[in-house]
Amino acid sequence: MPELPEVETLRQDLAKEVVGKIVKSVSVTNGRSVRRHPSAKHFRGLLEGRTIKSVGRLGKYLLLTLDSKDTLVIHLGMSGQLLRVKSAKEPKPKHTHVVIVFTQGGELRYVDPRTFGEMFVSSPLSDAPAANGASLPVGMATGDGAALRRQVPELAHLGFDPIEDMMSWDRFGVLLRRHRAGLKSLLMDQEFVSGIGNLYSDEILFSAGLRYDRTSDGLSATEVRRLYRAMVETLTEAIKHRGSTLVDEQYRDLFGEAGDYQGSHQVYDRENAPCRRCRNPIVRAKVGGRSTFYCEHCQV
DNA sequence: CAAAATTCCTGACTGC
DNA sequence: TGCAGTCAGGAATTTT
């Protein structure tokens, strides 16, 4: 399941591959993947003839800004893939639901077996001139994320982006104290911080040396700092490795290549394997229906 | 057959 | 008592 590092890898690839391209035609073969539109035709109409100006990211969402000021928003859900191919002749994988053809040649394909992902074109709020920063939830008015959030009203509820929106430890501490949630639940809460899912929340907590069930308002100043550092460093490191492609998962970059970070996982999917730090077996627990992996010795 | 995990939704529960 | 916030549980989904 693509999380922030995988989506960021895709963003970087897309920035190189599709910026400046003009959409010649769009075909939608599974309506479930195109949501929030009255019809697939409506969606196509907003896309065809448009030029892609830039590619951004907010949490797990990809944002392709068009020359019309609209934004093509893409969320990969659990099994979504975005593939760039040179020729329409290349065989289409099963579950290819949307194809965007470029006038310059080549096409972008959206493949998603489980159809938990979605795509839609968003229009910025009619005007809503600046100064509405005050209406944004606390902790969000920083970084480029603020501009993107304004550009896509549907995503205004997303929490800060740990890579785009830097903040001080003090500020992070304040945000943590505002909630009284278990650390893992909070890290996965997209309205608190966006982009972290099941895999990276476990890796971040191991790196921080904190248990998943510690309460967010009970951390010492040192622990707050460790958590913040672990969050930024783990995600940054994973991006450098172009994300994680798990044995059973289908994450691939724009060119169909696998990521490289899975080899660096400390706890995720390593039940009973020896902890890389202390050699004690990694434990598996269940949190909110999700498998949670941690080291009882290293995480306190 | 169960497990995997995303977002959204609902209902139960908790602390103030 | 009420309110806001947390979180468990279920749905939609397909492949292993």
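It should be emphasised that the depicted structure is a prediction, and the values quoted were computed from it without experimental measurement.
Proximity of A:T115 to the phosphate of C:dA12: no side-chain N or O atom is located under 4.0 Å from OP1 or OP2. A sub-4.0 Å separation between OP1 or OP2 of B:dA4 and a side-chain N or O of A:K286 is present. The side chain of A:Y268 places an N or O atom within less than 4.0 Å of a non-bridging phosphate oxygen (OP1 or OP2) of B:dA5. Side-chain N/O atoms of A:R284 include one lying less than 4.0 angstrom from OP1 or OP2 on B:dA4. Between A:H95 and C:dT14, a side-chain N or O to OP1/OP2 separation shorter than 4.0 Å is absent.
Between A:R32 atom CZ and C:dA12 atom P there is a gap of 9 Å when expressed in whole angstrom units. Taking atom NE2 of A:H157 as the reference point, atom P of B:dC9 lies 10 Å away to the nearest angstrom. Rounding to whole angstrom units, CZ of residue A:R114 and P of B:dA5 are separated by 10 Å. Atom-to-atom, CG of A:N198 to C1' of B:dA3 comes out at 13 Å; the value is rounded to the nearest Å. Following rounding to the nearest Å, A:F293 (CZ) and B:dA4 (C1') show an atom-to-atom distance of 10 Å. To the nearest angstrom, P of C:dT15 lies 18 Å from CG of A:L246. Rounded to an integer number of Å, the gap from A:L76 CG to B:dA5 C1' is 14 Å. Atom CZ in A:F120 sits about 14 Å away from atom C1' in B:dC8, given to the nearest Å.
Between A:F116 and B:dT7, no base-stacking contact is recorded for ring centres under 5.5 Å apart and planes less than 30° from parallel.
A:S207 and A:Q266 are not linked by any side-chain donor-acceptor pair at a separation below 3.5 angstrom, with hydrogens and angles left out of the test. In summary, the side chains of A:S79 and A:D112 do present a donor paired with an acceptor at a separation below 3.5 Å, with no hydrogens or angles considered.
In this view, A:K16 satisfies the side chain to side chain contact (heavy atoms under 4.5 Å, CB included) rule with no residue, not counting sequence neighbours. Scored by the side chain to side chain contact (heavy atoms under 4.5 Å, CB included) test, A:F116 finds A:R32, A:M78, A:R114 as partners (sequence neighbours excluded).
Cluster note: A:V99 groups with A:V101 through ILVMFWY side-chain heavy atoms spaced under 4.5 Å, whether in direct contact or through intervening members. Annotation for A:L83: hydrophobic cluster partners, listed by chain and number, are A:V111 (ILVMFWY side-chain heavy atoms under 4.5 Å, direct or chained). The hydrophobic cluster around A:V174 extends to none of the other residues, as no ILVMFWY side-chain heavy atom falls under 4.5 Å of it.
In this structure, of C:dT14, B:dA5, B:dT7, it is B:dT7 that holds the atom nearest to the side chain of A:Q190. Comparing atom distances between the A:K60 side chain and each of C:dT14, C:dT13, B:dT7 picks out B:dT7 as nearest.
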Between protein and nucleotides 4-8 of chain C, what N or O pairs are separated by less than 3.5 Å?
{"from": "C:dT6", "atom 1": "OP1", "to": "A:H179", "atom 2": "ND1", "distance (Å)": "2.3"}
{"from": "C:dC7", "atom 1": "OP1", "to": "A:G182", "atom 2": "N", "distance (Å)": "2.9"}
{"from": "C:dA8", "atom 1": "OP2", "to": "A:G288", "atom 2": "N", "distance (Å)": "3.0"}

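Between A:S291 and A:Y61, the residue anchored closer to the 5' end of DNA chain B is A:S291, taking for each the nucleotide with the nearest heavy atom.
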